[in-house]
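Residue numbers start from 1 in every chain, and the chains themselves are labelled A, B, ... in the order their sequence lines are given, proteins ahead of strands. These numbers come from the heavy atoms of this one structure, side chains and all, not from hydrogens, waters or symmetry mates.
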Amino acid sequence: MRLDEMAKLLELEALTPTCAESLASEDITQGYASDLLSDVLAHAPAGGVLVTLQVHLNVIAVASHAGLRAVIFSSGRTPEPDVVERAAEEGLALFGARADTFEIVGRLYQFGLRGSTGTLGSTGACGHDGPEKLGP
Amino acid sequence: MRNRDRQLRPFRMDLHVHTALSPCASEEMTPPAITAAAREKGLDVIAVCDHNTAGNVAAVREAADAAGGQPFVIAGIEISTAEEVHVLGLFPNVAAAERAAARVTALLPRTVDLFPGHRRRYQTYFGEQTLLDARGRARGEERAALALATSLSLAAAVALIHHEKGVAVAAHIDRPSYSVYSQLGLFPKEAGFDGAEVSRHLEEGSPRSEEFAALGLPLLRGSDSHFLAELGTVFSLAWMAEPSFTEFVLCLAGTGGRRLESPLAAREQGKHDHA
């Protein structure tokens, strides 16, 4: 989905409005949710969106390294100005959300975004539908 | 003060020791038991670093004093930051540690408020938080939920430690939980740490050792003891004039030839001596 649509539907506050504007038409198809930045570094899908509680400055370095397009801070967490500044320099779209991580990720999944492993549902790497094959 | 004339000697320091006050630590971690075990294991310096409190530090110092000041006890704390990073604060004296700790502990909810209607459930899940005297007798229990993370950011925690002229150390940086790397992915150079600690779990020759050495920070090795048997299983070997906080700070700075041996070398030495 387009980044600007995502921001609108999830009622996100753009913390780096210039970046959000220039990335508005970007098609986001994947996402990741984690508060452990070591995990984000290792597993977040490039081109995706990150949902996290973590507001430390390292979020920006890790997100850039992982090639993420946008970061959504959940549960009303607000990063310090230096974090926002660094994100603006890196061209990363930062958003604030009042909703918690579970709510945001659930909605993003409804919108068609998927995680990095893709082992649930019809997005499995081998093309088979997952859940129907489970069980006896 | 600098004792430039005095001979430098190697001292064994285990700067990460919990007492029974930490909910996750064994009740056997009493001031007399800790200090006796430290002497048995040949430790010259220990630092008491309970989670988010310094409530048993004075008692451990007193227990050591009762045995002729062996080992030298550094007053410390292990702060859980908002990022759930563990930071060791090592202070020049007990009063400084207690002042810093008071600010930290005040940020935590009370144990009784966590599980309404279940006054002891916190203890069931997380463990007892026993305040002890120098003889190891219970003198009460800590009411703040020490097992939880505080709302202090990493930067605020380091600033709080520095405000009391303390030394801020990134705890067990090789661990997969509650470490700078696990929580923040990369080591934040701007955080203002004075040192970093590797745990007893870091294996010799680990490729990460080089990464840690490249941080440009003094590297300590602490046991993070929660049980007596863990005390002194690893330690830092510090060449300094005497076991004191002042000497420790000079040692971190490398002043007058003082130095820390590489943590892995210290472990080798330990193996040797015990053989």
S.K.: Mark yes or no for whether B:R200, through its side chain, and B:S223, through its backbone, hold a donor-acceptor pair below 3.5 Å.
M.R.: yes

S.K.: With a 4.5 angstrom heavy-atom cut-off, is it the side chain or the backbone of B:E190 that approaches chain A, or both, or neither?
M.R.: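 Interface part for B:E190: side chain.
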
S.K.: Need one label for B:S182: side chain, backbone, both or neither, based on atoms under 4.5 Å from any heavy atom in chain A.
M.R.: both

S.K.: Examine whether an atom of A:L57 lies under 4.5 Å from a heavy atom of chain B, and if so say whether it belongs to the side chain, the backbone or both; otherwise answer neither.
M.R.: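 Side chain only.
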
S.K.: Between B:R120 and B:E141 (salt bridge meaning N to carboxylate O under 4.0 Å), is one present in this structure?
M.R.: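 Answer for the salt bridge query: yes.
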
S.K.: Could you look at A:L41 and say if it's the side chain, the backbone, both or neither that has a heavy atom under 4.5 Å from chain B?
M.R.: side chain

S.K.: Side chain from CB out, backbone as N, CA, C, O: work out which of these in B:L186 comes under 4.5 Å of a heavy atom of chain A, or both, or neither.
M.R.: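 Its backbone and side chain both get close to chain A.
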
S.K.: Is it the case that the side chain of A:T16 and the backbone of A:L92 share a donor-acceptor pair, with hydrogens and angles ignored and the cut-off at 3.5 Å?
M.R.: yes

S.K.: Regarding B:E211 and B:R208, does a basic nitrogen lie under 4.0 Å from an acidic carboxylate oxygen?
M.R.: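 Looking at B:R208 together with B:E211, the answer is yes, because their closest N to O distance falls below 4.0 Å.
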
S.K.: Is B:R221 close enough and on-axis enough to B:F235, meaning under 6.0 Å and within 45°, for cation-pi?
M.R.: no

